[in-house]
Structures are given as structure tokens and as C-alpha cells.
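So the structure is just underneath, and the comments pick up after that.
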Amino acid sequence: MGRSRPFWRLNPAERKLWDAFPSGAWVDLRESGREDPSAGASWGRERAVRAQVIAALLLGVREGRPGEVPGVRLAGARIVGDLNLSDAVFTSKLHLLNCYIPGAVSLNDARTGGVRFRGCDIRRFKAGRAVIDGLFDLDGSTVHAGVRLDNTHVTGQFRLSRATIGTPEGAFRGSESYLEDTRLPYSREEVTARGRTRSDTALWAGGLVVDGGAFLRGLRSTGTLRLIGARFNSGLYLQRAVVTSAGPYAVHADHLQATTAEFSDGFTAEGTVRLRGARISGVLSFHRSVLKAPERVLHVSHMQVDELILTPTSIEGEVNLGYSRIGVLLDRPESYPGAVSLNEATYESLRGPARLSDRLAWLRRDPDGYLPQPYEQLAAYFRRIGHESDARRVLLAKQRGRRRTLRFPGVLWGWLLDVMVGYGYRPWLAGVWVGLLLALGTAVFSTHHPSQIGLDERRSFNPLLYTLDLLVPVSLFDQRGAWEPVGWTQWLAGGLIAAGWVLATALIAGATRVLRPSGPS
């Protein structure tokens, strides 16, 4: 056995691991069932295992036993040195439990079977561009200087539940020999983009692909979860996760793709949750979440989602839904009382207890002020479900919002249209005004008869028909031409004539507005 072993000497813990590897048996170095691996620096030499021994076993320094599955299964060990398996190809099981790993674990560009680090204390974990054929498990582990999984492919489940991850302390290359290209040096921006400088990112996983479910329930992160372009083919689950970031983003996941994404049931973020351009073929839920950011707290513009559940427990900051395509929006607008960008957002259905007044207040909270499309979208939805009266109220609110953007002449004319006929959406108002003016004119002219024009003609005066003739732009009863008001009633007659023209014009303008196809105005 000495010749097959490329080490001068194995300590007792390493010898146990060496002997157990061919059968994949567990080597448990724990002294009690409740040891905290964060105190692993104080563990003695009897629990020390060199990282190079683990790497050598996985890379084939020792063959498996016929009829058994080889693997490294190790609990309660203090791993000495960096565990460098970059560019390696191995299929043996790697399962570390409650181990203390003060160095880095590197699986960059590796191709492996299942990899599990459960309840471990690790300085830094890197598996960029790796292919992990099976389960990738960091459940309950603490990774102090961040996790890198950019463009990694996990064919099984990805587990990071109840884990704690921090951010890199600065530029870090671990055991990799990193050589600068003197003919093509990186700029400062390129170095930052590659994550080789001090970063506020705890999980760097742009382009990550997970075929099984991705479970990050109860995660604690003191930096950004960077998931730009990541794809979760069986869903992303972040219930009860808490993400606090010193940078602008708690979650930065532009163009993320998932069958479902649960930022719910106690999910807490301090910093913007950004999913611009995401594609969610199922549910995106923020039910009972707590979101907080100094400015924009939720940025989900240009997104496509089958169902968006926006019922957070608490939210502080602006919500941006602009240009998104939403199948079902289940929300309570009062649950996110700040500014809401809705321009060019569309939805097929609205669910929730919101009243029409809540929806109108929702539209008025756009930080860009009045925009016509959100009103048109809400009105179209009400028409589609047969609530025509609600649709008309929305379009009336749209015209009132537009009026606030006009100059004084437009404001005055808009106010007249509103008062007279409700911009054509309340034509019954014209009947009310006609009735009031008819009653006024009839009462006045019954006691203050106008004088007859042409005394040789015999005509009988009717105050009701006379008032109606004044109100109608075209005389119908020949009363206006036969009688002339006297004294102060001339002002009343002139007012009735003017009111008639205004009412007629308002009715025509309102009817034109209602009958023409809807569009921006």
C-alpha cells in the first residue's frame, strides 16, 4: 500500500479515510453530536485531514473495491489547505459533513458526480463553469467569502437552505495560479465584472443552470445574490431567506428563467430585488415577504410571468412593473403603497380584494405622472369581464388625469366637458343640466314675460317652450323669434343660449371621444 500512496505519511484520521474510500464508508471524527464547525480551528491534529489527500483519492490514486461504490464521506474533520479540484473529472461521491475548511474549495471547470458539503464552515467556494451530474448540496453550511457558480450546470437539485454566505474580503485567487496577460491587461471595469476585486456579491451565479429544484429556504446572505441569466428548470425557492446587501441590489437576476420563483413566506430583502426581463412560466410570488430599499425596491420590468403574486407583508420603496406581460396579477395595492411604474404593462386578469377606487389610486402613483396606457389597460380589462360601467369610470379618470397636464385653455375646456357630460362618459349629466336650466327659465319667464316682436301677429307665449327654444341651438318652436326678453332677463336669455351651445358641443365632443378607438391621448 505504501507504493500506491503518494504521501510520506498519513496521520490516523487520513488513514481512516484512505481505508474507507474503496467502499465509500463514513469516517466520523466528531466527538459529540452538537459540535459547531465554526470552532474547528481548535480541533486537534487527530481530526486534521489534508485537502490534497481528499483530492488524490477523488482523482483515482486508489481504486474502488469491486462490487462497492467508492467515495469520500467525512464528518467532523479539519481540512488543512485548499481543496483544489479545478479542471478535474471524477465520479466518486464527495460528501463532507460538519467539517471546518479554512481554505478555499475550488471546482472550477470540473466535471463531477454529486457534491455535498452539509453543515460545514468554509472560507470560500468556487465551482464556476463546472458540470455537477447530480445533487449539489451546501445545506446549513457557512461560506464566509462567497460562493461562485457562474455558468455552472447542476443536473440534480441545488440546495443552499439554512446556509449563511458572506462576501469576498477582496481580490482572491485561492490556490489557482493566475497569470496576467501582459499584452491584454484587464481594465478596472473588466476586473470588477469578473468578480476579482472586492465585491458586495455573496452568490455569484450568472448563467447557472439547475435542472432540479433550487432550494435556498432559510438562507442568510450578507451580500447580493447575483443570478443574471440563470435558469431554474424546476423552480427557485427562497422562502424565509434573508438577504442584506451593502450594495444597491439584494437580488440581481435580470433575464432569469424559472418554472416558478418563490420570494415568499418570510423572504426578506434589504436592497433592490431586480428581475428585469425575467421569464417565469409559472408563479412569481412575493406573498408575505418583507422588502426594503431606499429608492426602487422591486424592479420587474420587461418581464413575462404567468402569475405574479404581489401581497407582501411590508414593502418600502418604488415598484416597477413597466413593460411586463403578466397573465394573472394577484395583489392588494395598499400592500405596496409607494410609487408604482405601470407604463406599457399588460395583464390578462386581476385578482384580489381591491376596489375600483383602489385601482384608480394605484394608477395615479406612477412616478412619471400621467400616462394614458395604464388607464387604457385597466379599462380594457373591465370591458373584457363585462364591467362596462367600471371601464367608463376608468376612462373618465384618465381624462381628468390628462387635464392636469394641459395649459389653462385646455384645463378650462376640459373642466367644462367634465362638468357638463363627464367627458362623454356621463351623458346623463347633460339631461340634468337641461332640466335645471328649463326649470329656471320657465320659472323666470312665467313671471317676467318677454315683449312680443311684431304686434300684428297673434301668438300665445309658453315659458317652457320659449326656454327650450333658447337652449336648443336651432329654433324648434318659433318662440325665440317671436318674443324678446326685457330688462335683466336679457342676461338670462343670453346665458341660456350660451349654455345650450356649450352643452351641444360637449355632447358632440364626448360622443366623439367615446366612439373613436381607444388610444393614447
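Separation of atoms CZ (Arg279) and CG (Leu284) is listed at 13.0 Å; rounding is to 0.5 Å. The OG1 atom of Thr346 sits 11.0 Å away from atom CG of Leu342, with the distance rounded to the nearest 0.5 Å. Put simply, NE2 on His302 and CG on Leu321 are 12.0 Å apart, with the number rounded to the nearest 0.5 Å.
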May I have the step-by-step check of side-chain hydrogen bond (donor to acceptor under 3.5 Å, both in side chains) for Gln304 and Arg325, ending in yes or no?
CA-CA 5 Å; Gln304 292 183 16; Arg325 302 291 177 263; over 6 Å; no
What verdict does the salt bridge (charged side-chain N to carboxylate O under 4.0 Å, His left out) test give for Arg296 and Glu318, after you've listed the backbone C-alpha separation in whole Å, the side-chain angles of each residue and the deciding distance to 0.1 Å?
CA-CA 4 Å; Arg296 182 170 292 169; Glu318 176 190 328; 3.1 Å; yes
What do the steps show when you test Ser86 against Ser106 for side-chain hydrogen bond (donor to acceptor under 3.5 Å, both in side chains), and what is the final call?
CA-CA 6 Å; Ser86 295; Ser106 180; 2.5 Å; yes
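Salt bridge present: Glu307 and Arg351 bring a charged side-chain N and a carboxylate O closer than 4.0 Å. With salt bridges taken as basic N to acidic carboxylate O contacts below 4.0 Å, one links Arg288 and Asp265.
The closest side-chain donor-acceptor pair between His299 and Ser301 falls under 3.5 angstrom. Using modelled atom types and a 3.5 Å distance limit, the side chains of His153 and Asp133 yield no donor-acceptor pair. In this structure, a donor-acceptor pair under 3.5 Å is present between the side chains of Arg30 and Asn98. If you check the side chains of Ser245 and Thr224, you find a donor sitting under 3.5 Å from an acceptor. Using modelled atom types, one finds a donor on one side chain and an acceptor on the other under 3.5 Å when comparing Asp331 with Tyr336.
For the ring-ring contact (aromatic ring centres under 6.0 Å, His included) condition, the pairs that include at least one residue of residues 46-99, sequence neighbours left out, are Trp26-His95.
Judged by a 6.0 Å distance limit and a 45° cone about the ring axis, Arg159 is not positioned over the six-membered ring of Phe215. A cation-pi arrangement is present between Arg226 and Trp204 under the rule of less than 6.0 angstrom and at most 45 degrees off the ring axis. Relative to the ring axis of Trp18, Arg15 does not place its NZ or CZ within 45° and under 6.0 Å from the centre.
Looking at Val115 and Asp137, their side chains never come closer than 4.5 Å, going by heavy atoms from C-beta outward. Side-chain atoms of Thr112 and Thr91, non-hydrogen and from C-beta on, never get closer than 4.5 Å to each other. When side chains are defined from C-beta on, Leu29 counts as touching Val27, because their heavy atoms get closer than 4.5 Å. Side chains of Ile165 and Thr222 form no contact here, defined as non-hydrogen atoms less than 4.5 Å apart.
Results of the side-chain contact (heavy atoms from CB on, under 4.5 Å) test with Leu310 over Ile326, Leu298, Leu330 single out Leu298 as the only residue that passes. When Asn151, Thr152, Asp150 are each tested for a side-chain hydrogen bond (donor to acceptor under 3.5 Å, both in side chains) with Arg129, only one passes: Asp150.
A distance-only check finds no donor-acceptor pair linking the side chain of Asp254 to the backbone of Ile228 [under 3.5 Å].
For an aromatic pair to be called close, the ring centres must be under 6.0 Å apart, and Phe158 with Tyr237 fails this.
The aromatic rings of Phe117 and Phe125 sit perpendicular, their planes meeting at an angle over 60°, well past the 30° parallel limit.
Residue Arg220 places its CZ atom among more than 12 non-hydrogen atoms of other residues, nucleotides or ligands, all under 6.0 Å distant. Heavy atoms from other residues, nucleotides or ligands lying under 6.0 Å from CZ of Arg47 number more than 12.
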